[in-house]
Amino acid sequence: MFSRRHLLQVGGAAALVSSTSLPSLAAGKELRIALVVKALGIGFFDACHEGGEQAAKQLGNVKVIYTGPTKTTAEEQIAVIESLIAQKVDAMAISANDTNALVPVCKKAMARGIKVISFDSGIAPAGRILQINPSNNTLIGAKCVQMIAKTLNYQGEIAILSATAQATNQNIWIGKMKEELKKPAYAKMKLVATVYGDDVADKSYREMQGLIKAHPNLKGVIAPTTVGIVAAAKAVVDAKLTGKIFVSGLGLPSEMKAAVASGATDTFAIWNPIDLGYTAIMVAAQIAEGKTTGKPGSVLHCGRMGDLKVTPNATVAMANPYTFDKSNIDKFAKIF
Ligand code: RAM
């Protein structure tokens with residue numbers, strides 16, 4: 001399913017070369033690349049880390065520093081980045097807790113020769129060389145709406161339970177969901193609330209309980225976060241509302257087994273987080289070595305992911321989201 005055929009979609013442009021291409025890095029000097037995530041302890045990012053280590057192993061002279069704050073806040077993430085600047089790392093690949101708040105510290109890093117890219121959740125263009133999107137944003141937003149609409153037979157009240165209110169990726173997807181919901185097919189569906197669980201299990205659970213209480217006619221919830229979707233499905237089961245309220249969105253098969261088995265979740269989607277982390281390290285390594293600037297038009301060699309071309313707005317995008325349900329979850333739960 002996550003074949004190279006899918007992965008060569010680059011920002012909606014034509015597919016590029018088909019062969020596996022590794023950047024050739026100079027032997028000797030070790031590159032230290034920080035993979036900075038929204039917060040430690042999130043399974044999705046642990047899977048990204050696993051992919052990052054795979055890339056480092058293939059490249060040979062790369063050390064991955066996997067780090068992030070304990071809370072999904074910009075303040076804590078800025079402190080982590082400051083400490084990486086002091087350590088003089090060669091590059092950072094960051095999943096941002098805030099689009100704009102990270103720009104000054106990332107500019108400071110770049111002024112000192114550290115190559116900064118963002119992945120997953122982007123930094124505003126002034127604070128990074130490029131952004132690696134896991135998939136096409138419009139497609140992700142549309143997919144989230146389509147999944148819950150199908151389960152609900154295109155009618156009823158729905159709500160969104162997101163990550164943090166400042167998360168770049170979730171905010172873009174929510175915008176795309178709202179666009180999708182304007183289509184005539186969804187005329188009988190109504191978005192009644194958007195709440196934020198901050199990618200923290202407890203808070204997401206309580207936000208879901210709040211939605212259930214505040215909206216007696218609620219039929220479905222879209223949680224475009226791997227943390228929020230698990231917590232929301234658990235809240236539905238605990239409230240004995242399985243079959244009355246459905247939870248969909250973006251989740252990891254390995255974390256969603258109980259939700260699907262209980263019936264709280266019919267379908268959900270995700271891309272391969274291992275491939276995402278792998279690509280982030282591949283890209284950061286070749287920019288750090290000066291093999292490419294990473295500027296729009298550059299071609300990045302990404303090993304098993306093939307070559308990716310940087311779009312005019314300095315992004316690259318990877319695979320289409322893949323849908324999971326009870327027919328295939330067991331198989332993929334073993335992978336991520
Ligand atoms: C959580 C994080 C991450 C997002 C996934 C879908 O793990 O918010 O940024 O991409 O969910």
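Quantities reported herein were computed from a predicted structural model and do not represent experimental measurements. Numbering of ligands and ligand atoms starts at 1, following listing order.
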Less than 4.0 angstrom from a charged side-chain N to a carboxylate O is my criterion; do K150 and D266 meet it?
no
With under 30° as parallel and over 60° as perpendicular, where do the rings of F119 and F45 fit, or are they tilted in between?
perpendicular
Examine ligand 1 and decide if any of its atoms is less than 4.0 Å from a heavy atom belonging to I42.
yes
Looking at E82 and K108, does any basic side-chain N land under 4.0 Å from a carboxylate oxygen?
yes
Checking the N or O distance criterion of under 3.5 Å, is ligand 1 in contact with T225?
no
Nearest neighbour in protein (non-hydrogen) for atom 2 (C) of ligand 1:
D199 OD2, 3.3 Å
Identify the protein heavy atom lying closest to atom 7 (O) of ligand 1, giving its residue, its atom name and the separation to 0.1 Å.
T226 OG1, 2.6 Å
W173 heavy atom under 4.0 Å from ligand 1:
yes
Ligand-residue contact atoms, ligand 1 with F45, heavy atoms, under 4.0 Å
3 (C), 9 (O)
Min N/O separation N169 to ligand 1 under 3.5 Å
yes
So F324 and F336, would you call those rings parallel, tilted or perpendicular, with 30° and 60° as cut-offs?
perpendicular
Close side-chain approach of P224 and M177, heavy atoms under 4.5 Å
yes
To the nearest 0.1 Å, how far is atom 9 (O) of ligand 1 from its closest protein heavy atom, and which atom is that?
D120 OD2, 2.5 Å
Output yes when E76 and K71 qualify as a salt bridge under the 4.0 Å nitrogen-oxygen rule, no when they do not.
yes
